[in-house]
Amino acid sequence: MLQLQALRENPEHIIERLSVKNFPAETIVAEILSLDRNRRETQKNLDDILAQGNQIARSVAQLFKEGKGSEAEGLKQASQELKARSKELTEKLAAMESELDELLVRLPNLPHPKVPLGKHAADNEVVASWGEFPVLPENALPHWELAAKYRLIDFELGAKVTGSGFPFYIGNGARLQRSLIAFFLDRAVDAGYTEYQTPLMVNEDSAYGTGQLPDKEGQMYVATGDNLYLIPTAEVPLTNIFRDTILREEDLPVQICAYSSCFRREAGSYGKDVRGLNRLHQFDKVEIVQVAHPDTSYENLEAMREHVSGLLKALNLPFRIVRLCGGDMSFASAMTYDFEVWSAAQQRWLEVSSVSNFESFQSNRMKLRFRETQGKVRLAHTLNGSALALPRIVAALLENNQTAGGIRIPDALVPYTGFQTIGDSL
RNA sequence: GGAGAGAUGGCCGAGUGGUCGAAGGCGCGCGCCUGGAAAGUGCGUAUACCCCAAAAGGGUAUCGAGGGUUCGAAUCCCUCUCUCUCCGCCA
């Protein structure tokens with residue numbers, strides 16, 4: 001969430017920036033500012049009353065020490081009255097604070113100045129592209145048909161055992177998944193990320209910390225019996241590691257990564273856009289996260305972009321990078337690069353990674369700070385990115401590398417799969 | 001799941017109703033000492049909010065969390081969470 005301080009200092013700037021995200025903020029900002037003024041006044045009153053109470057307690061102690069306990073009676077009476085008023089004000093203050101918090105939480109993060117104006121994906125800015133579209137054989141198949149032909153993935157079986165969007169991976173299909181996970185993790189570790197294995201369920205505080213709650217509640221599966229949420233991405237547990245912590249400046253940037261299954265309800269559409277691996281309720285992903293110094297976090301963002309680009313190049317998948325426009329960005333992000341891979345049989349771009357700088361938006365809510373060498377405490381910046389999400393990578397690998405005789409495995413992956421092709425022969 | 005013990009600052013650890021935001025130690029920072037270092041030694045070293053234009057200074061809250069008793073709570077009472085030990089169960 002945005003810092004109240006920033007709103008007080010320059011509300012016009014906040015409103016102007018949020019307009020890039022097509023978010024009308026005037027009313028809510030005005031409400032926040034007036035509520036904030038009231039809150040501070042109330043707090044001042046409360047503090048004064050409590051200070052009087054403390055003063056009385058000290059006087060009483062002094063009187064007892066001097067053996068004049070009987071003189072304390074009048075003071076005790078005064079203290080009782082103060083207590084009643086302070087209780088009332090405490091409740092009022094708590095109500096104001098939660099109201100203020102509710103309002104603040106509704107404001108999205110400010111987009112970086114480089115973020116293009118726009119409402120839809122069509123307004124995103126293509127900032128890089130790499131590779132050439134493969135020439136497919138006659139009768140090229142989309143990945144779901146390839147998956148069935150070579151018995152790599154069984155969607156119907158998943159639907160029977162669990163539901164739509166929960167496929168089984170089988171034989172070389174399962175092996176391919178495992179290979180990609182290991183490959184992505186190895187590359188992340190080589191790039192300086194420390195590997196984690198995280199819980200796949202998180203509590204409510206964590207879901208708030210990264211912003212899944214309150215507004216994206218419907219995205220997550222909930223274990224209602226225990227009030228736990230299945231993670232929609234490893235970002236949630238990875239980033240929440242740092243909730244309520246103060247790091248040392250020399251520890252920055254913190255670079256960590258994790259493979260996890262991800263669970264998303266995505267109450268969504270049906271049809272060819274979500275066929276096969278294009279959109280699932282459960283999928284696998286390697287996530288990279290950085291906690292960065294605010295002065296240099298955009299350099300870290302570029303480094304993450306390079307890392308993800310390297311993965312796609314190693315897999316020889318044609319891709320492009322787009323900088324999301326204000327309207328297409330997520331609530332919490334200040335700048336996001338999406339990576340899209342060319343899916344040759346479907347003839348469309350598939351989003352396989354999203355790399356974002358959240359600046360201090362998450363860390364403000366999570367109280368993730370670091371201590372500067374001069375001793376000052378500042379909010380850190382958080383960044384994350386997929387490196388990478390598996391299903392659409394698999395989709396593109398299968399489609400782009402299909403030949404009349406089978407599917408070629410990219411060289412970089414062969415040490416992991418142990419096979420060079422899927423299919424009868426080449 | 002049953003029984004018991006515990007939770008104090010970055011860490012260890014004292015405190016069991018009266019200036020206790022909290023002794024002492026370790027760590028860390030800045031000095032002194034030294035040719036340099038170690039040792040020694042002096043000082044400093046939590047966070048949030050609020051008042052003040054800012055600095056200086058001051059107020060309030062926080063000893064796992066929430067409530068209560070009291071003029072006054074780290075200390076007494078209640079509830080919850082977590083940790084440890086023993087038993088049971090278990091990949």
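Letters A, B, ... mirror the listed sequences (proteins, then strands); counts begin at 1. From a predicted model like this one, the values you see are computed outputs, not experimental measurements.
Using Watson-Crick or G-U wobble geometry with both donor-acceptor distances under 3.5 Å, B/U16 finds no partner in any strand shown. Nucleotide B/C49: paired with B/G59 (Watson-Crick or G-U wobble, both distances less than 3.5 Å). Using N1 to N3 plus N6-O4 or O6-N4 for Watson-Crick, or N1-O2 and O6-N3 for G-U wobble, each under 3.5 Å, B/G40 pairs with B/C32. In this structure B/A74 sits in no base pair that meets the Watson-Crick or G-U test at under 3.5 Å. Across all strands shown, B/A23 remains unpaired; no Watson-Crick or G-U wobble contact has both distances below 3.5 Å. In this structure, B/U81 forms a base pair with B/A7, meeting either the Watson-Crick or the G-U wobble geometry with both donor-acceptor distances under 3.5 Å. Pair check for B/G1 finds B/C87; Watson-Crick or G-U wobble, both atom distances under 3.5 Å.
Note on A/Arg369: only backbone sugar-phosphate atoms sit closer than 4.0 angstrom, heavy atoms only; bases stay farther off. Note on A/Lys367: nothing from the nucleic acid sits closer than 4.0 angstrom, heavy atoms only. If you check every strand for non-hydrogen atoms under 4.0 Å, A/Gln62 touches nothing.
Using a distance-only test at 3.5 Å, with no hydrogens or angles considered, a donor-acceptor pair links the side chain of A/Ser19 to the main chain of A/Glu16.
Here, B/G1 and B/C77 have their C1' atoms 28 Å apart, quoted to the whole Å. Nucleotides B/A5 and B/C11 place their P atoms 26 Å apart, quoted to the nearest Å. For the P atom pair drawn from B/C26 and B/A38, the interatomic distance equals 15 Å after rounding to whole Å. Of the C1' atoms belonging to B/G24 and B/G13, the separation is 8 Å, rounded to the nearest Å. Across the P atoms, B/G29 and B/G18 are found 37 Å apart, a figure rounded to whole Å. On the P atoms, B/A14 is 34 Å away from B/G57, given to the nearest whole Å. Distance noted for atom C1' between B/C51 and B/G44: 26 Å (whole Å). Rounded to the nearest Å, the gap between the C1' atom of B/U75 and that of B/G21 is 15 Å.
Nucleotide B/G10 holds its P atom 13 Å from the CG atom of A/Leu247, rounded to whole Å. If you measure from atom CG of A/Leu93 to atom C1' of B/A48, you get 13 Å, rounded to the nearest angstrom. One atom, CD of A/Gln55, and another, C1' of B/U60, lie 14 Å apart when rounded to the nearest Å. Rounded to whole Å, the distance from NZ on A/Lys376 to C1' on B/A54 is 13 Å. Rounding to whole angstrom units, CG of residue A/Leu82 and P of B/U60 are separated by 13 Å. For A/Lys76 and B/G18, the NZ to P distance is 15 Å, given to the nearest whole Å. One interatomic measurement links the two molecules: CD of A/Glu250 to P of B/C28, which rounds to 12 Å at whole-angstrom precision. Summarising the geometry, the separation between CG on A/Asn203 and C1' on B/U81 is reported as 11 Å, rounded to the nearest angstrom.
Residue A/Lys87 qualifies as open at atom NZ: its count of foreign heavy atoms under 6.0 Å is 12 or below. Atom CG of A/Asn203 sits in a crowded spot, with more than 12 heavy atoms from other residues, nucleotides or ligands closer than 6.0 Å. When the shell of 6.0 Å around CD of A/Glu250 is examined, it contains more than 12 heavy atoms from other residues, nucleotides or ligands.
A centroid separation of less than 6.0 Å is found between the aromatic rings of A/His307 and A/Tyr193.
No side-chain N or O of A/Arg369 forms a donor-acceptor pair with one of A/Ser363 less than 3.5 Å apart. A donor atom on one side chain and an acceptor atom on the other are found under 3.5 Å apart for A/Asn278 and A/Gln346. Counting only N and O atoms by type, the side chains of A/Gln290 and A/Asn300 include a donor and acceptor under 3.5 Å apart.
Using a 4.0 Å cut-off, some side-chain N or O of A/Asn54 falls inside it from OP1 or OP2 of B/U60. Side-chain nitrogen and oxygen atoms of A/Arg371 include none within less than 4.0 Å of the OP1 or OP2 phosphate oxygen of B/G29. Proximity of A/Arg8 to the phosphate of B/C50: a side-chain N or O atom is located under 4.0 Å from OP1 or OP2. Regarding contacts with the backbone of B/G68, a side-chain N or O of A/Lys87 is found under 4.0 angstrom from either OP1 or OP2.
The aromatic rings of A/Phe361 and A/Phe331 stand perpendicular to each other, their planes meeting at an angle above 60°, with 30° marking the opposite boundary.
Residues of residues 29-53 of chain A having a heavy atom closer than 4.0 Å to RNA chain B, listed by number: A/Arg39, A/Arg40, A/Gln43, A/Lys44, A/Asp47, A/Leu50, A/Ala51.
Nearest-nucleotide positions on RNA chain B for A/Gln80 and A/Glu97 put A/Glu97 closer to the 5' end.
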A/Leu107 vs A/Phe23, test: side chain to side chain contact (heavy atoms under 4.5 Å, CB included). Steps then yes/no.
CA-CA 8 Å; A/Leu107 293 177; A/Phe23 186 93; 3.6 Å; yes

